[in-house]
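No experiment lies behind these values; they were computed from the predicted model shown.
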Amino acid sequence: MQQNSEEGRRPSSVLRAPSPRERGEGEDIAIIGGGIIGICAATLLSEAGRSVTVFDRSGICEETSSGNAAAFAFTDVLPLAHKGMVKQLPKWLADPLGPLTIPPAYLPKLLPWLIRFWRAGAPKHYQASLATQAGMMRLAEAEWMGLLDRSGTRPMLHEDGSLELYESEAEFRASLSGWAARKRFGIGFRHVEGEEIAALQPGLAPRFVKGTFVPGWKTVADPKLLGKAVWAYAEKLGARFEHARVERIEADARGATIVLADGTRRTAKKLVIAAGAWSHLLARNLGDRIPLEAERGYNTTLPVSAFDVKRQLIFSGHGFVITPLETGVRVGGAVELGGIDRPPNFARSKAMLEKAKRFLPGLDPSGGREWMGYRPSLPDSLPVIGAARAPNVFYAFGHGHLGLTQAAATGRLIRDLVLGQTPPIDLIPFRAQRF
């Protein structure tokens, strides 16, 4: 029988038995990656009574999961390859500070990924990709709402909707097919203009002729703080954290071995790889070659007093958003396909901030903190969730812009796989071997 998200949870009144590691048997379940995907998987497995240890080189939600745009984008069902990006590529690439850039020296290495991305945008893949993403989003919303309640973090949820803005009638008309697709999946929205735009966000520049308000769009108070709060709940259930850099992994029928940077080895009965943009490097140890690229995203977080932003503002024509957080006003987004080794190019965050000043004329741009993170992205915009080629190893990575949004759903799916239960959605579109 399929187990729902509430079943299998360990009552807090039950005394915790010694873990396999405490008995000298190695780890029960090891997770590589302390970002939002890894900690959601750890939390749901801990609720099911399993002993879990998370390994990460930095800490809990200290890297990419700390600086994202804070959106629960459950209505964002259009795969990236179908959002008009292929048509926009020539124009965007001509602008080194535009919504998407590729350092020229990196282009030869990126070319196979770009070819796969172009193929993923073919019309014959559209309906299947849309239905897969919509199903994942329904699960994501249900699992997150349950996890927020169980972990006591529901007060960190903001349900103010989003406002997507267009600078011309042509830009607005180009968006309509995407909104029609969302409507087929029951996603609510309404197009607005004039005084209604001004009421939804006072102080906008008059350059925006149309907008689309999505009431079901949600954000969180601060993604880093949310992640740490969920982890605190997992720790109460017995989850452990080990600060360590993982060099390589091995696996066989007896379990998995994690080799750390200091040469020490850890064994585990089951292993989950949720290491974001570095996950594919570990997957190679097991014979799985997965075409993952790092979308380098930039932002600037301004003080709370910078502007009274009412809800997340989306400037899709420019590839960035402005999000009101409890800890500041975050201006960020855009895509730089440049791998994990190049130094940050903070001219990109400065360019977005300059645009934000034009779009919100009263914005105070002083006192901001710049940041860059790595979104782990696959060419078809779907993550890898499922079993590795090697036994006892599972993958949970490649969520691109939707890591925070889909984290609780991924945690649910990984829990079901590890426990040998039937997942609530078909995992064939997410399998690692699809490439």
Side-chain angles (χ1 to χ4, degrees), residues 64 66-71 73 76 83 85 88 91-92 94-101 158 160-168 171-172 175 192-194 196-214 217-224 295-336 344-373 375 401 404:
T64 301
S66 72
N68 61 63
D76 193 6
K83 288 186 178 180
M85 281 193 68
Q88 297 269 33
K91 181 182 74 173
W92 284 352
D95 180 0
L97 297 178
L100 185 148
T101 188
H158 295 168
D160 303 314
S162 66
L163 179 61
E164 187 159 347
L165 293 155
Y166 314 100
E167 294 178 273
S168 67
E171 185 183 359
F172 170 68
S175 76
V192 295
E193 57 185 306
E196 196 167 6
I197 292 178
L200 288 166
Q201 181 54 66
L204 273 168
R207 63 195 299 155
F208 299 105
V209 299
K210 289 282 180 65
T212 303
F213 175 60
V214 182
W217 192 275
K218 300 172 176 62
T219 57
V220 300
D222 182 284
K224 181 177 180 177
E295 288 186 40
R296 296 146 58 95
Y298 293 83
N299 69 46
T300 303
T301 303
L302 303 170
V304 174
S305 58
F307 198 91
D308 184 14
V309 181
K310 299 296 186 183
R311 52 188 47 82
Q312 187 168 78
L313 305 176
I314 302 172
F315 306 94
S316 54
H318 299 268
F320 77 97
V321 303
I322 300 178
T323 312
L325 307 177
E326 288 185 3
T327 51
V329 174
R330 182 159 290 168
V331 179
V335 171
E336 179 185 47
N345 176 15
F346 285 116
R348 294 184 60 72
S349 53
K350 291 178 174 63
M352 286 184 283
L353 189 57
E354 283 299 315
K355 287 182 178 180
K357 287 166 55 181
R358 297 200 301 271
F359 298 164
L360 295 173
L363 180 73
D364 180 356
S366 62
R369 305 185 311 277
E370 292 180 323
W371 177 90
M372 189 270 283
R375 308 181 191 103
H401 299 252
L404 175 63

Listed by chain and number, what are the ring pair (Phe, Tyr, Trp, His ring centres under 6.0 Å) partners of Phe213, not counting sequence neighbours? none
Return the set of residues passing ring pair (Phe, Tyr, Trp, His ring centres under 6.0 Å) with Phe208 (not counting sequence neighbours), or none when no residue passes. Phe315, Phe359
Could you pull out all residues at least two apart from [X] that satisfy salt bridge (charged side-chain N to carboxylate O under 4.0 Å, His left out)?
{"X": "Arg375", "result": "Glu295"}
{"X": "Lys355", "result": "none"}
{"X": "Glu193", "result": "none"}
{"X": "Glu171", "result": "none"}

How would you list all residue pairs meeting salt bridge (charged side-chain N to carboxylate O under 4.0 Å, His left out) that involve [range], not counting sequence neighbours?
{"range": "residues 200-214", "value": "Glu167-Arg207, Glu169-Lys210"}
{"range": "residues 314-329", "value": "none"}
{"range": "residues 301-310", "value": "Asp308-Lys310"}

Restricting to side-chain hydrogen bond (donor to acceptor under 3.5 Å, both in side chains), what partner residues turn up for Thr323, sequence neighbours left out? Gln312
Using side-chain hydrogen bond (donor to acceptor under 3.5 Å, both in side chains) as the criterion, list what pairs up with Thr327, not counting sequence neighbours. Asp222
Donor-acceptor pairs are to be reported for all side-chain atoms of residues 300-307 against protein atoms at under 3.5 Å, with residues two or more places apart or in another chain.
from, atom 1, to, atom 2, distance (Å)
Thr301, OG1, Arg330, NE, 2.9
Thr301, OG1, Arg330, NH2, 3.3

